[in-house]
Structure formats: structure tokens, C-alpha cells
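Every heavy atom of this structure was used, including side-chain atoms; hydrogens, water molecules and symmetry mates were not.
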Amino acid sequence: MTVVYDGASESQRSTSAAVATFTHSASAGIGGILVGFVRGGADNTIANVSYGGTALVKINEAQDTANELGSAEWWFAPHTTAGTQTVSY
């Protein structure tokens with residue numbers, strides 16, 4: 001399998017809204033979507049992520065609970081729809 005960079009989108013969430021969203025445009029023929037999150041602070045859990053209504057699966061998470069509170073997470077979904085879709089988390 002070949003991994004090809006298609007594009008990036010960036011969003012910043014500075015409130016504690018129950019659900020946050022942003023949009024991302026993917027090219028035709030993509031094999032999946034990989035979404036990464038970097039969060040600071042003690043409240044660092046993301047429970048669900050979706051892309052265009054398709055649920056993503058958390059594939060990795062790393063937390064620092066001792067020094068600089070925060071986490072980094074990667075979420076993935078294969079065979080997603082091309083075009084502009086909404087990422088919800």
C-alpha cells in the first residue's frame with residue numbers, strides 16, 4: 001500500500017462545546033482519511049470522531065499526565081467519500 005499526501009485542514013477548539021466540527025476536502029480515489037488531534041490540559045479525551053458521517057477508529061493515543069498535561073491521537077477510516085466532508089468530534 002502506498003501512502004500519498006492529499007491535503008490538510010486545521011481547526012482550533014478553544015471552548016468546551018459538546019461537539020466541534022470543521023470541513024476537509026479530499027480528492028477522488030483516496031483510500032482513507034487520517035485525522036490527528038493534539039490537545040493540552042487535563043481534559044484530553046476524545047470519545048468519537050466522524051468524517052462525512054462515517055465513524056473513524058482510534059488507532060493510537062499518547063498522554064502526558066505528569067509533566068505537561070495533554071494528549072495526541074490518530075483516528076482513521078478507510079475508503080471515505082471524495083469532496084468536502086465535515087469532521088465532527
Side-chain angles (χ1 to χ4, degrees):
M1 178 172 108
T2 302
V3 176
V4 178
Y5 172 80
D6 180 57
S9 298
E10 183 178 335
S11 177
Q12 181 177 352
R13 181 169 122 177
S14 58
T15 64
S16 59
V19 176
T21 63
F22 64 92
T23 59
H24 176 74
S25 296
S27 300
I30 63 165
I33 185 85
L34 179 68
V35 179
F37 295 94
V38 176
R39 298 174 49 117
D43 179 22
N44 54 15
T45 302
I46 296 175
N48 300 295
V49 179
S50 66
Y51 178 77
T54 300
L56 278 71
V57 175
K58 185 189 296 187
I59 58 173
N60 196 7
E61 176 181 9
Q63 291 189 0
D64 185 344
T65 58
N67 299 310
E68 296 182 25
L69 300 178
S71 68
E73 301 179 16
W74 291 103
W75 294 73
F76 177 77
H79 311 296
T80 54
T81 305
T84 301
Q85 303 293 327
T86 299
V87 178
S88 301
Y89 63 100

Do the non-hydrogen side-chain atoms of Ile46 and Arg39 ever get within less than 4.5 Å of each other? yes

Full working for side-chain contact (heavy atoms from CB on, under 4.5 Å) between Val87 and Tyr51: CA-CA 5 Å; Val87 178; Tyr51 178 77; 3.5 Å; yes

Please find the pair of heavy atoms, one from Ala55 and one from Ala77, that lie closest to each other, and give the distance. O-CB, 4.0 Å

Show me, pair by pair, the donor-acceptor contacts under 3.5 angstrom made by side chains of residues 19-38, not counting sequence neighbours?
{"unit_1": "His24", "atom_1": "ND1", "unit_2": "Ser9", "atom_2": "OG", "d": "2.6"}
{"unit_1": "Ser25", "atom_1": "OG", "unit_2": "Thr84", "atom_2": "OG1", "d": "2.6"}
{"unit_1": "Ser27", "atom_1": "OG", "unit_2": "Asp6", "atom_2": "OD1", "d": "2.6"}

Compare every heavy atom of Gly52 with every heavy atom of Gln85, then report the nearest pair and how far apart it is. OE1-CA, 3.2 Å

Is there side-chain contact between Ile59 and Trp74, with at least one heavy-atom pair below 4.5 Å? yes

